[in-house]
Protein chains: 2
Amino acid sequence: MEQVGYGNQAQNLDAVFAALADPTRRALLTRLAEGEASVGELAAPFQISQPAVSKHLKVLEKAGLVERGIDEQRRPARLKAEPMAEAVEWMSYFKRFWGDSFDQLDDLLVKLKAQQEENKDG
Amino acid sequence: MEQVGYGNQAQNLDAVFAALADPTRRALLTRLAEGEASVGELAAPFQISQPAVSKHLKVLEKAGLVERGIDEQRRPARLKAEPMAEAVEWMSYFKRFWGDSFDQLDDLLVKLKAQQEENKDG
DNA sequence: TACTTCTATAACTAATAGGTTATGGAACAG
DNA sequence: CTGTTCCATAACCTATTAGTTATAGAAGTA
């Protein structure tokens with residue numbers, strides 16, 4: 001049984017929003033959007049120590065935003081963006097307070113989906 | 001110390017994501033979506049002290065998510081959701097990673113629309 | 001084996017966050 | 001004025017965060 005509103009996802013939302021609240025971590029995610037990278041590769045552009053990057057990666061990992069792999073000595077990090085969808089979903093509750101842009105995206109996707117259905121039928 | 005310039009947008013994203021990382025603050029925003037409320041009204045349902053709520057409101061205010069008014073002795077809080085749009089915009093860069101197939105995108109859409117309907121009904 | 005590379009972890013520090021109680025001030029009610 | 005209501009702020013405590021340096025271990029290389 002779930003209550004309406006927050007509760008089940010709240011804990012993960014805590015972790016996701018907190019992870020995104022740090023500019024270095026956001027930059028790491030942006031870098032990872034280009035492809036997986038080792039700790040060393042991630043640390044290089046930021047001029048903070050390697051242990052600091054390892055810590056950031058751990059925060060991202062706990063939020064579910066990053067997965068780690070094994071490649072010889074390396075432990076490459078890989079982006080996992082799904083938790084962002086939950087964050088966006090939570091914020092979508094408020095979209096009527098910030099205007100139509102979200103609605104427009106929504107409309108566009110509905111139209112595209114409808115076209116897909118048309119193609120299936122025809 | 002910062003090495004590579006994070007801009008004003010980044011600073012605001014820091015504040016917005018950090019503000020959203022607390023479940024009490026998210027609950028306050030959800031409450032404010034129903035309309036403006038005084039500090040006392042906001043504090044009542046949560047079992048934390050009034051000064052704690054005042055602090056949370058200050059965090060939300062600095063993130064631009066809340067505005068304060070004046071009504072006799074009261075200082076009602078009012079939702080301002082625009083900064084959420086910036087947060088969503090930032091995350092939209094990663095949309096391709098949480099579903100590049102239309103079916104997955106459609107799943108998200110269905111969830112969002114379901115919430116929308118809930119809001120209309122509730 | 002010995003050395004180098006890559007990363008994690010421990011130990012420490014300084015700052016911030018989230019909570020408390022106490023208190024004071026501003027705005028109404030009498 | 002007196003008292004009450006509403007709220008902000010101060011002072012304080014504890015836990016967490018973000019960084020550091022030092023070190024150890026695992027894996028590849030000579």
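For clarity, every value in this text was computed on a predicted model and none was experimentally measured. Every chain is numbered from 1 and lettered A, B, ... according to where its sequence line falls, protein lines coming before strand lines.
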Next on the checklist: Can you measure A:Arg75 atom CZ to C:dT7 atom C1' for me and round it to whole angstrom units?
Outcome noted: 7 Å
Checklist entry - Roughly, in whole Å, what's the span from CG in B:Leu42 to C1' in D:dC7? => result 12 Å
Next on the checklist: Once you apply a heavy-atom cut-off of 4.0 Å, does A:Gln50 come out as touching a base, just sugar-phosphate, or nothing?
Outcome noted: base
Checklist entry - Counting just side-chain N and O atoms, does A:Ser49 come under 4.0 Å of either OP1 or OP2 of D:dG19? => result no
Checklist entry - B:Thr24 side chain: which of C:dG19, D:dA18, D:dA22 is closest? => result C:dG19
Checklist outcome for this item: Smallest heavy-atom separation, A:Asp14 atom then B:Ala21 atom, equals OD1-O, 3.3 Å
Checklist entry - Rounded to whole angstrom units, what separation is found between the CD1 atom of B:Ile48 and the C1' atom of C:dG18? => result 9 Å
Item to check | Of the listed nucleotides C:dG18, C:dT7, D:dC7, the one nearest the side chain of A:Arg68 | outcome: C:dT7
Checklist entry - With nearest nucleotides of DNA chain D determined for A:Asp71 and A:Ala52 from heavy-atom distances, which residue corresponds to the more 5′ nucleotide? => result A:Ala52
Next on the checklist: Measure CD1/A:Ile70 against P/C:dT7 and give the value in whole Å, please.
Outcome noted: 12 Å
Item to check | Criterion salt bridge (charged side-chain N to carboxylate O under 4.0 Å, His left out) against B:Glu36, the qualifying member of B:Arg78, B:Arg31, B:Lys80 | outcome: B:Arg78
Item to check | Nucleotide D:dT16, atom C1' - distance to NZ of A:Lys58 in whole Å | outcome: 16 Å
Checklist entry - Is a side-chain donor or acceptor of A:Arg26 paired with a backbone partner of A:Leu20 at a separation under 3.5 angstrom? => result yes
Checklist entry - Taking OP1 and OP2 of D:dC6, is either one under 4.0 Å from a side-chain nitrogen or oxygen of B:Ser38? => result no
Next on the checklist: Out of the candidates A:Val88, A:Leu65, A:Leu29, only one should pair with B:Phe94 under the side chain to side chain contact (heavy atoms under 4.5 Å, CB included) rule; please name it.
Outcome noted: A:Leu29
Checklist entry - Is any side-chain N or O of A:Ser54 closer than 4.0 Å to OP1 or OP2 of C:dA8? => result yes
Item to check | Expected output: side-chain A:Arg25 to main-chain A:Ala18 donor-acceptor under 3.5 Å | outcome: yes
Next on the checklist: Just the rounded figure in Å: distance from P of D:dA8 to CD of B:Glu72.
Outcome noted: 16 Å
Item to check | First encountered from the 5' end of DNA chain D, between B:Lys55 and B:Gly40 | outcome: B:Gly40
Item to check | Side chain A:Gln73 and base C:dT7 donor-acceptor under 3.5 Å | outcome: no
Checklist entry - Just how far, in rounded Å, is C1' of D:dC7 from CG of B:Leu57? => result 11 Å
Next on the checklist: Among C:dA8, D:dG19, D:dC7, which nucleotide has an atom closest to any side-chain atom of A:His56?
Outcome noted: D:dG19
Checklist entry - In whole angstroms, how far is the P atom of C:dG18 from the CZ atom of B:Phe46? => result 15 Å
